[in-house]
> 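Okay, handing you the structure first.
Being a predicted model, the structure only gives us computed values, none of them experimental.
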Amino acid sequence: MTAVSIYTDGACKGNPGPGGWGVLLLAEGAEKEMFGGERETTNNRMELTAVIRGLESLTRACDVDLYTDSQYVRNGILTWIHGWKRNGWKTADRKPVKNAELWRELDAVAARHRVRWHWVKGHSDNAGNARADALANRGVAAVAAG
């Protein structure tokens, strides 16, 4: 399996508001940057979208170290999702899971790979996270421009 490091980040100007996502992929000495955005979204949706876009860009099963500064994404995929699936995509207090369609998409795309989930503190001199943050902000700028 190819070893890949993926750094992801989401950004939103207003919550909800225009948002962007960014991904930095590093594998076998090569790197790839990706970004995009949506006109009306939330920060959590952009964090999830970044992870989904990064993982779905891999063309074969990979051994992935995924870095995110979102506790929402990390806790959701490692802990909360199991209960949500067991409860028919309802929270512990029987309310619909927010962003359920993105969580389902993430669950499916992550299952194709061996993923180790790492949390990094945002804006703390982690070079990969800083680049993903800059890409997410490019995504916001792209949607704002038009």
Side-chain angles (χ1 to χ4, degrees), residues 1-86 89 91 95-146:
M1 283 181 127
T2 302
V4 179
S5 293
I6 302 177
Y7 291 85
T8 66
D9 201 13
C12 207
K13 305 305 178 196
N15 203 16
W21 56 268
V23 178
L24 171 65
L25 292 105
L26 306 169
E28 298 176 336
E31 52 184 61
K32 178 178 179 180
E33 295 180 337
M34 302 184 312
F35 65 91
E38 296 178 16
R39 288 194 181 284
E40 189 70 15
T41 189
T42 65
N43 189 66
N44 283 342
R45 289 186 68 80
M46 292 294 91
E47 294 282 359
L48 282 164
T49 299
V51 175
I52 293 164
R53 296 296 167 257
L55 289 171
E56 76 182 8
S57 73
L58 303 174
T59 57
R60 62 183 177 275
C62 293
D63 190 19
V64 178
D65 282 295
L66 194 137
Y67 298 87
T68 177
D69 62 7
S70 171
Q71 289 284 13
Y72 173 71
V73 169
R74 188 173 182 280
N75 289 335
I77 197 67
L78 289 176
T79 305
W80 306 331
I81 200 168
H82 307 293
W84 295 338
K85 290 195 303 191
R86 203 172 36 252
W89 292 97
T91 63
K95 293 184 179 154
V97 171
K98 289 181 181 174
N99 305 312
E101 76 285 0
L102 292 175
W103 284 111
R104 284 185 186 101
E105 195 175 347
L106 176 55
D107 189 38
V109 74
R112 298 181 211 150
H113 308 284
R114 185 173 30 206
V115 183
R116 282 175 300 282
W117 300 89
H118 305 277
W119 179 79
V120 294
K121 186 176 180 185
H123 310 286
S124 64
D125 297 328
N126 178 295
N129 180 255
R131 286 183 61 191
D133 178 68
L135 290 164
N137 282 297
R138 282 177 66 188
V140 174
V143 243

> Do Trp89 and Ile81 have side chains that get closer than 4.5 Å, going by heavy atoms?
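They are in contact (side-chain heavy atoms under 4.5 Å apart), so the answer is yes.
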
> Run the salt-bridge test on Glu40 and Arg45 with the 4.0 Å N-O cut-off and return the result as yes or no.
no

> Taking all non-hydrogen atoms of both residues into account, name the closest pair between Ala61 and Met1 and its distance.
CB-CE, 3.7 Å

> For the atom pair CZ (Arg112) and CZ (Arg60), what is the distance rounded to the nearest 0.5 Å?
14.5 Å

> Below 4.5 Å, heavy atoms only, C-beta onward: do Met34 and Leu25 meet side chain to side chain?
yes

> Would you say that Asp65 contacts His118 through its side chain, given a criterion of any heavy-atom pair below 4.5 Å between the two side chains?
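Yes - at least one pair of side-chain heavy atoms lies under 4.5 Å apart.
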
> Calculate, to the nearest 0.5 Å, the distance between atoms CG and NZ belonging to Asn43 and Lys13 respectively.
9.5 Å

> Do Ser57 and Val23 come close enough that some side-chain heavy atom pair is under 4.5 Å?
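Counting from C-beta outward, Ser57 and Val23 never come under 4.5 Å.
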
> Looking only at atom types and distance, does a side-chain atom of Asn126 sit under 3.5 Å from a main-chain N or O of Gly122, one as donor and one as acceptor?
no

> To check you understand the geometry: which heavy-atom pair defines the closest contact between Tyr72 and Trp103, and what is its length?
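For Tyr72 and Trp103, the tightest heavy-atom pair comes out as OH-NE1, 3.2 Å.
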
> Considering non-hydrogen atoms only, spot the tightest contact between Lys121 and Asn129 and give its length.
O-OD1, 4.2 Å

> Which residue in the set Leu55, Leu24, Leu26 passes side-chain contact (heavy atoms from CB on, under 4.5 Å) when paired with Ile6?
Leu55

> Check the pair Lys98, Asn44 against side chain to side chain contact (heavy atoms under 4.5 Å, CB included), reporting the backbone distance first and the verdict last.
CA-CA 10 Å; Lys98 289 181 181 174; Asn44 283 342; over 6 Å; no

> Indicate the atoms forming the closest heavy-atom contact of Ser70 with Thr68, along with that distance.
N-OG1, 3.0 Å

> Could you tell me whether Arg131 and Asp9 make a salt bridge, using a distance below 4.0 angstrom between a side-chain N and a carboxylate O?
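The answer is no: the pair does not qualify as a salt bridge.
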
> How long is the straight-line distance from CG of Asn75 back to CH2 of Trp80, given to the nearest 0.5 Å?
4.5 Å

> Output the distance between atom CZ (Arg53) and atom CG (Leu48), rounded to the nearest 0.5 Å.
10.5 Å

> Using the six-membered ring wherever Trp is involved, compare the ring planes of Tyr67 and Tyr7 and label them parallel, tilted or perpendicular (cut-offs 30° and 60°).
parallel

> When rounded to the nearest 0.5 angstrom, what distance separates NE2 in His113 from OG1 in Thr2?
11.0 Å

> Could you tell me whether the side chain of Trp119 reaches within less than 4.5 Å of the side chain of Leu78, counting heavy atoms only?
no

> Report yes if the side chains of Thr49 and Glu105 come closer than 4.5 Å at any heavy-atom pair, otherwise no.
no

> Determine whether Val73 and Leu66 make a side-chain contact, defined as any pair of heavy atoms from C-beta on separated by less than 4.5 Å.
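Counting from C-beta outward, Val73 and Leu66 never come under 4.5 Å.
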
> Of all the heavy-atom pairs spanning Phe35 and Leu135, show the shortest one and how long it is.
CB-O, 3.2 Å

> List the atom of Pro96, the atom of Thr91, and the distance in Å for their closest heavy-atom pair.
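Of all heavy-atom pairs spanning Pro96 and Thr91, the closest is O-CG2, 4.3 Å.
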
> How about Asp107 and Trp84: do any of their side-chain heavy atoms sit closer than 4.5 Å?
no

> Could you tell me whether the side chain of Thr41 and the main chain of Glu38 form a donor-acceptor pair under 3.5 Å?
no

> How far does CG of Asp133 sit from CG of Asp69, to the nearest 0.5 angstrom?
7.5 Å

